[in-house]
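Chain letters run A, B, ... following the sequence lines, proteins first and then strands; every chain starts at 1.
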Amino acid sequence: MYRTHTCGQLRAKHVGKEVLLSGWVHKHRKMGGLIFLDLRDRFGITQIVIDSKDKKIADKAKKLKYEYVVKISGDVLMRDKKDVNKNLSTGKIEVKAKDLEILSESKTLPFEIFESGKNEEDEELRLKYRYLELRRKKLRDTIIFRSEVVRYIRQYMESNSFIDISTPILTVSSPEGARDYLVPSRLHPGKFYALPQAPQQYKQLLMVAGFDRYYQIAPCMRDEDARADRSPGEFYQMDCEVSFMDQDDFFKLMEPLFVELTEKVAGKKCMQKPFPRIPYKEAMDRFGSDRPDLRYDLELTDISKWAKKTKFNVFNKANCIKALVVDRGNDFTRKIIDNDLCDAAERQGAKGLAWLKYIDNEFEGGVSKFFTKNELDKLRKLLNIEDNSIIFFAADTWETACLSLGAVRAAIAEKRELPDQNVIAWSWIVDFPMYEKDEDSGKIDFSHNPFSMPQGGMKSLKTKNPLDILGFQYDIVANGLELSSGAVRNKDPEIMYKAFAIAGYTKKQVDDKFGHMINAFEFGAPPHCGLAPGIERLVMLLSSETNIRSVVAFPKNQKAEEPMMGSPAKVDSEQLKELGLRVINKKSKK
RNA sequence: GGACCGGUAGUUCAACUGGCUAGAGCACCGCCCUGUCACGGCGGAAGUUGCGGGUUCGAGCCCCGUCCGGUCCGCCA
C-alpha cells in the first residue's frame, strides 16, 4: 500500500489519524535537529516533519534531494497557530513521520520544479524535459483545466442529443486546404493514406446518413507552419454538425455552450449576450479585422471622400483611406509610431503609416503640412476630433487599409492594456464572401470553404457578380481569436457544380475530387450546418494563455519537432523497403 | 521561402563606451543549525561566452559567415 490520502487532502479534522502519503520531495529544509519536507503530488503539498533523533528515518531523510519519490507513514498533527501556512490548503496540519521509504531517486534537475520567479527557462529545454515541466503547478493546472473544458463540452453536447462518432484517422488526401500528412500503404505500394485535416467530409456524410447531431473531439493534422496561436502538425477540434437547422437555429443551440464555458468553467464574464452578429464587411470596416477584439472601442472611419478632395498624393492614388482617432495623442512619440505602430501596419501590407496630431487645438506633425487649414477643419468635424488626439491613416486597397489600421488598433490596445482579462467578448462574424480575386493572376477562387451554401442559392450564382456573392459562412470569434469557421453546407449537386464552375472547375474535375460527396447528396441530403472550434484556442482563451504550447501536454516546436521523443525521426531501411519507399536527398536532386 | 529578435556555469540573469583572473541567486558537494515553509550560516566545485573566421595591443561586447530557438509574413478552405 502506498497511500491512504493524497498530498492535498489532509485537514484539521484528520488530526490524530495515522496516514500513509506518497509523493515527490518538492522542497526540503534541513534544520539539524528537525527536517521539514514538502511532499507533493498533483493534488497539493503536505508538510512532513522528521525528528533527527529518530535514527531509523533521520539517516534516510538526510539523503533526500529534490524530486525523490518517497512513501511516508506518520501521524497528522495540528500546527501551532504561529506555524500555520496560509498558502497551503493543508497548511493547518503537518505529518510527523514514523517511517520513510525512498521509492525512487532523482538526478540533479535541469531546472527546478517550484516556480521561484517570473523567469522562464529556454523553451527547448522545457520541451525536452516536458514531463518535469508538467510537474509545475502552472502547467499542471492548465492541463487539468483543459480536461475540465473538454468534460464540460461533452456533457453539453450529450445532453443536447449529439452523438459522438469517431471518423477515420487513415483517410485520403484532399486537394484543397492545407498540406496533408501522408502515410504510406504497405499493402498498396506507391499509394498513400492522408491524416485528416478535419473530418469535414465524413461529418457531412453522417448528416446524409441521418445522424442529425454529431460531435467529436477530433484530432486534426495539417503540415503547415506554426504561429503563437497555431500548433504545427496537430491539434484538436470540437467538431460538430447538425441537420434541419438554419444558421440562426444553430447559433441559438451552440451559444449557451460558449456562455457556460466562459461563466461556469472559466469564471469570466461575457461582454455581450446574445453574441453580436457582425457581417464580415462591417467587422473589417469598423475594426480592421475579421476577428476583432471587441473588448475595447477604437473604431476606424472611412474618410476616402474627404481624402480624395485633398492634394495629398498618397491619398489621391489609393482606393480607400481609413482613419483611426486615438486620445492622449501626446503619448505617441516618434519612436513608438515609427517602431511599433508602423511595423504593425507594414506587416499587414501597408507601405507606411501616415499620422498627424491635434494638440492645443492645432494640427501638427506627420502629414499635417500636406493639407490646407480648411481641409483640416473639415477633417476635425468629420472625425469629431477632440483636443490632444492623434489620427492615424491607412491608404491602400480596401482590404489592406482596413487590415493595416486594424493592426495599429490592436497594437495600441495592447500597449495601453485596454483588454480586460476577465472578460470574453464573443461574436459571430457572418456573411463572408464566397469568392475572392487573386491580385496577381486575377483569378476568382473560393475565399473559404467551397462546400458552403451561397446566400440566394442558384439565383445568386447565376445573376450576381461572383465577388458580391455572400456565403452562409460564419466564424465564432472571441477577444481577437478565431475559434472556428463554420457554414451552412451546400448539399445541392447542381448548385455545387455551378459554384465550382465560377472558381474555374469543370464538372469532371469536381466529380474526380468530390464525386463521392455529390453521389451521397443525390440520395436525400438534409440541410445541415456545423462548426469546429479548436480545443487549444478555446482553452487558451478561457485561461488567458497567449501561447498555444502552454495548453498542450506534449507540444511540437516551431519546426514541428517534438524534442523529448525526437520526432520526426529516420526509420531503418527495412521499414522503407517493406513500404516500397526510397529516400532521395533533397539537395542532390537539384 | 522571407523579415526581425535572441543564444554567457545545470539554470535564471549580470558584466557601462572593447580593458576580465567573466560575476551573482537558485540547484549541486561538504560542515553547522529543533519550528522552517523562497529557512538561515560558513566553505567548495562548476564556463571553449552556440560554432567558425576577421578587425584590434586586447573581443562576451565590433564585423562576416554559420547553426539553433522564438515572433511575424507567406501558408493555414
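- Annotation: rG25(B) and rA46(B) have their C1' atoms spaced 15 Å apart (nearest Å).
- In this structure, of rU36(B), rG10(B), rU34(B), it is rU36(B) that holds the atom nearest to the side chain of F36(A).
- Positionally, the nearest nucleotide of RNA chain B for G32(A) lies more toward the 5' end than for the other of G32(A) and F446(A).
- Nucleotides rG52(B) and rC67(B), compared at atom C1', are 10 Å apart to the nearest Å.
- Candidate nucleotides rA27(B), rU36(B), rG69(B) were compared by shortest atom distance to the side chain of E124(A), and rG69(B) ranks first.
- Taken from CD1 in I48(A) to CG in L21(A), the straight-line distance is 5.0 Å, to the nearest 0.5 Å.
- Nucleic acid contact for E346(A): none, since no nucleic acid atom lies under 4.0 Å from a heavy atom of the residue.
- Counting non-hydrogen atoms under 4.0 angstrom, D343(A) reaches nothing in the nucleic acid.
- Comparing rC61(B) with rU21(B), their P atoms are spaced 15 Å from each other, to the whole Å.
- The local environment of NZ in K137(A) is sparse, with at most 12 non-hydrogen atoms from other residues, nucleotides or ligands closer than 6.0 Å.
- Remark: C1' of rC76(B) and CG of D223(A) are 11 Å apart, rounded to the nearest angstrom.
- Between the P atoms of rG7(B) and rG60(B), the separation comes to 15 Å (whole Å).
- Heavy-atom neighbours of K60(A) NZ from other residues, nucleotides or ligands within 6.0 Å: above the threshold of 12.
- Across all strands shown, rG30(B) forms a Watson-Crick or G-U wobble pair, both distances under 3.5 Å, with rC42(B).
- Using a 4.0 Å cut-off between a side-chain N of Lys or Arg and a carboxylate O of Asp or Glu, K351(A) and D396(A) qualify as a salt bridge.
- E112(A) contributes no side-chain N or O that forms a donor-acceptor pair with the base of rU12(B) under 3.5 Å.
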B/S/- along nucleotides 70-75 of chain B (protein heavy atoms under 4.0 Å) is BBSBBB
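- Rounded to whole angstrom, the span from the CD atom of E121(A) across to the C1' atom of rC26(B) amounts to 11 Å.
- In this structure, the CZ atom of R79(A) is 11 Å from the P atom of rU36(B), given to the nearest Å.
- Between the P atoms of rC26(B) and rG44(B), the separation comes to 15 Å (whole Å).
- The side chain of K65(A) lies closest to rC29(B) when the candidates are rC26(B), rG10(B), rC29(B).
- With rounding to whole Å, D83(A) atom CG is found 15 Å from rC39(B) atom P.
- The pair E562(A)-R549(A) does not meet the salt-bridge criterion, since no charged nitrogen lies less than 4.0 angstrom from a carboxylate oxygen.
- Between F514(A) and F451(A), the angle of the ring planes goes over 60°, which puts this pair in the perpendicular group of the 30/60° scheme.
- K203(A) forms no cation-pi arrangement with Y214(A), by the criterion of a distance under 6.0 Å to the ring centre and an angle within 45° of the ring axis.
- Base pairing of rC72(B) is made with rG2(B), judged by Watson-Crick or G-U wobble geometry with both donor-acceptor distances under 3.5 Å.
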Would you list the protein and nucleotides 40-44 of chain B atom pairs, both N or O, that sit under 3.5 Å from each other?
none

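- Around atom CZ of R135(A), more than 12 heavy atoms belonging to other residues, nucleotides or ligands sit under 6.0 Å away.
- Atom OG in S447(A) sits 9.5 Å away from atom OH in Y435(A) (nearest 0.5 Å).
- Contact of E94(A) with rG35(B) (side chain to base): a donor-acceptor pair of N or O atoms is detected under 3.5 Å.
- Nucleotides rC4(B) and rG18(B) are separated by 23 Å at their P atoms, to the nearest Å.
- With F114(A) as the aromatic partner, K27(A) meets the cation-pi criteria of under 6.0 angstrom to the ring centre and within 45 degrees of the ring axis.
- Atom CG in L125(A) sits roughly 16 Å away from atom P in rG50(B) (whole-Å rounding).
- On the P atoms, rU49(B) is 16 Å away from rC62(B), given to the nearest whole Å.
- Side-chain N/O atoms of T167(A) and Q216(A) include a donor and acceptor closer than 3.5 Å.
- The nearest whole Å value for the distance from the NZ atom in K96(A) to the P atom in rG35(B) is 14 Å.
- Rounded to the nearest Å, the gap between the P atom of rA22(B) and that of rA59(B) is 13 Å.
- Residue contacts for S447(A): at a heavy-atom cut-off of 4.0 Å it reaches the sugar-phosphate backbone alone, with no base atom in range.
- Using a 4.0 Å cut-off between a side-chain N of Lys or Arg and a carboxylate O of Asp or Glu, D38(A) and R29(A) qualify as a salt bridge.
- Using the Watson-Crick or G-U wobble rule with both distances under 3.5 Å, rC20(B) pairs with nothing in any strand shown.
- No side-chain N or O of S173(A) forms a donor-acceptor pair with one of Y193(A) less than 3.5 Å apart.
- A residue-by-residue look at K82(A) and L109(A) shows that L109(A) has its nearest nucleotide of RNA chain B further toward the 5' end.
- The nearest whole Å value for the distance from the CE atom in M31(A) to the P atom in rG35(B) is 6 Å.
- Nucleic acid contact class of I45(A) (heavy atoms, under 4.0 Å, all strands): none.
- Across all strands, K53(A) comes closer than 4.0 Å to base atoms (heavy-atom distances).
- When the C1' atom of rC37(B) is taken as reference, atom CZ of R40(A) falls 15 Å away, rounded to whole Å.
- Of all the residues in residues 22-29 of chain A, K27(A), R29(A) reach under 4.0 Å from RNA chain B with at least one non-hydrogen atom.
- Taking the six-membered ring for Trp and thresholds of 30 and 60 degrees, Y474(A) and W428(A) have ring planes more than 60 degrees apart, a perpendicular arrangement.
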